[in-house]
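Here is how names work: the chains are called A, B, and so on, in the same order as the sequence lines, proteins then strands, and each is numbered from 1.
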Amino acid sequence: MTQEELFKKLIAHSKEYGFIFPSSEIYDGLSAVYDYGQMGVELKNNIKKYWWDAMVKLNANIVGIDAAIFMHPKTWEASGHVGAFNDPLIDNKDSKKRYRADVLIEDWLAKQDEKIDKEVDKAAKRFGESFDEELFRQTNPRIAEIVEKRAAMHKRMVAALTDNDLDELKKIIEDCEIVCPISGTRNWTEVRQFNLMFETKVGSVAEGANTIYLRPETAQGIFVNFLNVQKTGRMKIPFGIAQIGKAFRNEIVARQFIFRMREFEQMEMQFFVRPGEEMEWYEFWKNFRMRWHRALGFGDQHYRFHDHDKLAHYANAAADVEYEFPFGFKEVEGIHSRTDFDLGNHQKFSGRKMQYYDPETNESYVPYVVETSIGVDRTVLQVLSASYTEEDLTKEGGPKDERVVMKFPPAVAPVKAAVLPLVKKDGLPELAREIVDSLKFDHVIQYDEKDSIGKRYRRQDAIGTPFCITVDHQSVEDRTVTIRHRDSMEQERVAIAELPGVIGEAVSMRKLFEKITNA
RNA sequence: GCGGAAAUAGCUCAGUCGGUAGAGCAUUAGCUUCCCAAGCUAAGGGUCGCGAGUUCGAAUCUCGUUUUCCGCUCCA
């Protein structure tokens, strides 16, 4: 089976068993937006809990917050999001190259100047010493024509950029007969605005409401609260602030299932350090985060670091944690050394001091920041694709038999156990219900009495339930049951009284945390 | 965004030459009581992605459109 086929099967499986649905499917769906179903939400919540506890509980110097999605518009000026991503873009359909529409027009304007200079040069050669350049420029009809058209186009461009009139920009490109420098054709797409941030209005639209944005990253909610948390929590540097929340980016191309969505969830931690100590903390968090990933037990060889050569405007070091998806190694998490870029800019834009008084060094300074930023949805996809397993169970000479198993780590599995009466009579269902009641306060438990026991095991395999508790006739007599293990399909007999302890231990996140901290 | 492919029941798919929409699995109810799917009976479930056009008549032909997948492109 190719990786591509595997990925398609994973997407189909995710929908069929209630993990992930296309958004608004009855209306044909909405491109690159997905909903989590009854299984998906459990898996996702467990992954978030695994992250939150690993960051906030295991590290005494990290606390959490939950900032609003709406933020003051100035936030995005300070962060650099407003300025950097507002360009009108146009594609050439033949060369498939993308250009800034205003740059294309400006290049054309520059070319007109060159044309004029050429005419002047030609004339200068022709007339020799008697040549009056000024007079020539003013009187030559060919030059006059170029100058007039150039001026008209320039005026139109300025107006179009001011009014943000994208159709007019396209018309100017057509009227100037601008060709693609690579393909040499005039086969252009429409001009589009490439602003990554979603806009909305606050207050009455009629009374000149303010434009605000859906946050394109959660990090800024932490930076603007830096002083609040530091002061009220009596935090001493180095310390971190963690947050899980939604962010929104209007990607032009959003694809690969839930890998790149326009609405997505991030788990971010900003770690504030003394300037000059950022590189050792950068290394610390790279390693800590890698251990978090590897503790899930999917195989260390499927994870790697990718160090960035080209750095973003805010960073002085950056690395990705990549996982080997069916479609190749892809970024799941980023660890960035963000310097004092964000706090420094907020200080500049807000006029408030974003500084920390360090009692050890007796100095005030803007802290440096090391960020760990992981995509929740990408991690869900990572866990889904790592867990998806097809097994051939065909016995010698028997009929063909296969099963699909989601081999989730028990700690993140959506359903922890299913309680199954072997038959639907003789008091077995009643005893099974009693067992469900004894476990349901601590775990998500399913009860199923429909169809043969083998079929029920397969249904639980498909949603990755690690344990099936089977109630048989012996159970009624001696109050024991069998636990059937998902991966080995082997069974062991356990007293009903021991079930809460056995299941609780097996699905606990404790073992994962120990792997992270003991390394 | 460009190019290619696809879309029929929850899933996998069939549907001939344009002539009243089908199967298997799944689901629900009942029977069966069997520790690793596919035993029996019955039932429910379809705007054939959507919108136009051609036609006496369109799941089928044409155009447009939406969504998905693949390649390119993009991705602080």
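Spacing between B:U8 and B:G4 at atom C1', rounded to whole Å, works out to 23 Å. Taking atom C1' on both B:G49 and B:U16, the two are 24 Å apart, rounded to the nearest angstrom. Spacing of P atoms, B:U27 relative to B:A38, comes out at 12 Å, to the nearest Å. A gap of 15 Å separates the P atoms of B:C50 and B:A21, to the nearest Å. The same atom, P, is picked in B:C25 and in B:A43; the two are 15 Å apart, to the nearest Å. B:G18 sits 11 Å from B:U62 when the P atoms are compared, rounded to a whole Å. Comparing the P positions of B:G45 and B:C31 gives a spacing of 23 Å, expressed to the nearest Å. Across the P atoms, B:G44 and B:A23 are found 13 Å apart, a figure rounded to whole Å.
Nearest to the side-chain atoms of A:Thr482 among the listed nucleotides B:C35, B:C69, B:A76 stands B:C35. Of the listed nucleotides (B:C69, B:C35, B:U68), B:C35 has the atom at the smallest distance from the side chain of A:Ile453. Counting only heavy atoms from C-beta on, A:Tyr457 has its side chain closest to B:C35 among B:C75, B:C35, B:A37. Proximity note for A:Glu217 (side chain, C-beta onward) versus B:U67, B:C74, B:A76: the nearest is B:A76. Candidate nucleotides B:A37, B:C69, B:C35 were compared by shortest atom distance to the side chain of A:Arg458, and B:A37 ranks first.
Spacing between atom CZ of A:Arg456 and atom P of B:C34 amounts to 13 Å, rounded to whole angstrom units. Note: CZ (A:Phe21) to P (B:U68) measures 16 Å, nearest angstrom. Atom CD in A:Glu402 sits roughly 16 Å away from atom P in B:U12 (whole-Å rounding).
Partner assigned to B:C48 is none, using Watson-Crick or G-U wobble distances below 3.5 angstrom. Across all strands shown, B:G53 forms a Watson-Crick or G-U wobble pair with B:C61, both key distances being under 3.5 Å. Pairing of B:U20, defined by two Watson-Crick or G-U wobble distances under 3.5 Å, is not identified with any nucleotide. Pair assignment for B:C72: B:G1, on the basis of Watson-Crick or G-U wobble contacts that are both within less than 3.5 Å. In this structure, B:C40 and B:G30 make a Watson-Crick or G-U wobble pair, each of the two defining distances being under 3.5 angstrom. In this entry B:G10 has B:C25 as its Watson-Crick or G-U wobble partner, both defining distances falling under 3.5 Å.
Here A:Lys15 does not reach the OP1 or OP2 of B:G10: none of its side-chain N or O atoms lies under 4.0 Å away. Look at A:Ser452 and you won't find any side-chain N or O under 4.0 angstrom from OP1 or OP2 of B:C36.
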Hey, what are the protein-to-nucleotides 22-26 of chain B N/O distances that come in under 3.5 Å?
unit_1 : atom_1 : unit_2   : atom_2 : d
B:A26  : OP1    : A:Lys455 : NZ     : 3.1

Distances under 3.5 Å between nitrogen or oxygen atoms of protein and nucleotides 29-31 of chain B:
none

Between N or O atoms, less than 3.5 Å apart, protein on one side and nucleotides 47-50 of chain B on the other: list the pairs.
unit_1 : atom_1 : unit_2  : atom_2 : d
B:G49  : O2'    : A:Asp28 : OD1    : 3.3

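The base of B:C35 lies outside donor-acceptor range of the side chain of A:Arg484, with no N or O pair under 3.5 Å.
Listed by chain and residue number, A:Phe467, A:Ile483, A:Ser488, A:Glu492 satisfy the side chain to side chain contact (heavy atoms under 4.5 Å, CB included) test with A:His485 (two or more places apart in sequence, or in another chain). Scanning for side chain to side chain contact (heavy atoms under 4.5 Å, CB included) contacts around A:Lys425 gives A:Val423, with sequence neighbours left out. The side chain to side chain contact (heavy atoms under 4.5 Å, CB included) test applied to A:Glu42 returns A:Pro414, A:Val444, not counting sequence neighbours.
Counting non-hydrogen atoms of other residues, nucleotides and ligands closer than 6.0 Å to CZ of A:Arg304 gives a total above 12.
Side-chain contact check for A:Arg289 and A:Thr372: no donor-acceptor pair (N or O, by modelled atom type) lies under 3.5 Å. In the model, A:Glu390 has a side-chain atom that pairs as donor or acceptor with a side-chain atom of A:Tyr388 under 3.5 Å.
Checked against the 6.0 Å centroid threshold, A:Tyr213 and A:Phe198 do not count as a close aromatic pair. Taking the six-membered ring for Trp and the full ring otherwise, A:Tyr323 and A:Phe325 have centroids separated by under 6.0 Å.
Within the 4.5 Å cutoff, no side-chain heavy atoms of A:Lys44 are placed close to those of A:Val383.
Side-chain atoms of A:Arg433 never come within 3.5 Å of backbone atoms of A:Tyr447 as a donor-acceptor pair (strictly under, hydrogens ignored).
Between A:Phe272 and A:Phe223, the ring planes lie perpendicular to each other; the angle is over 60°, past the 30° to 60° tilted range.
For the pair A:Glu371 and A:Arg338, the salt-bridge criterion is met [side-chain N within less than 4.0 Å of a carboxylate O].
A:Asp66 contributes atom CG, which lies 9.0 Å from atom CD1 of A:Ile244 (distance to the nearest 0.5 angstrom).
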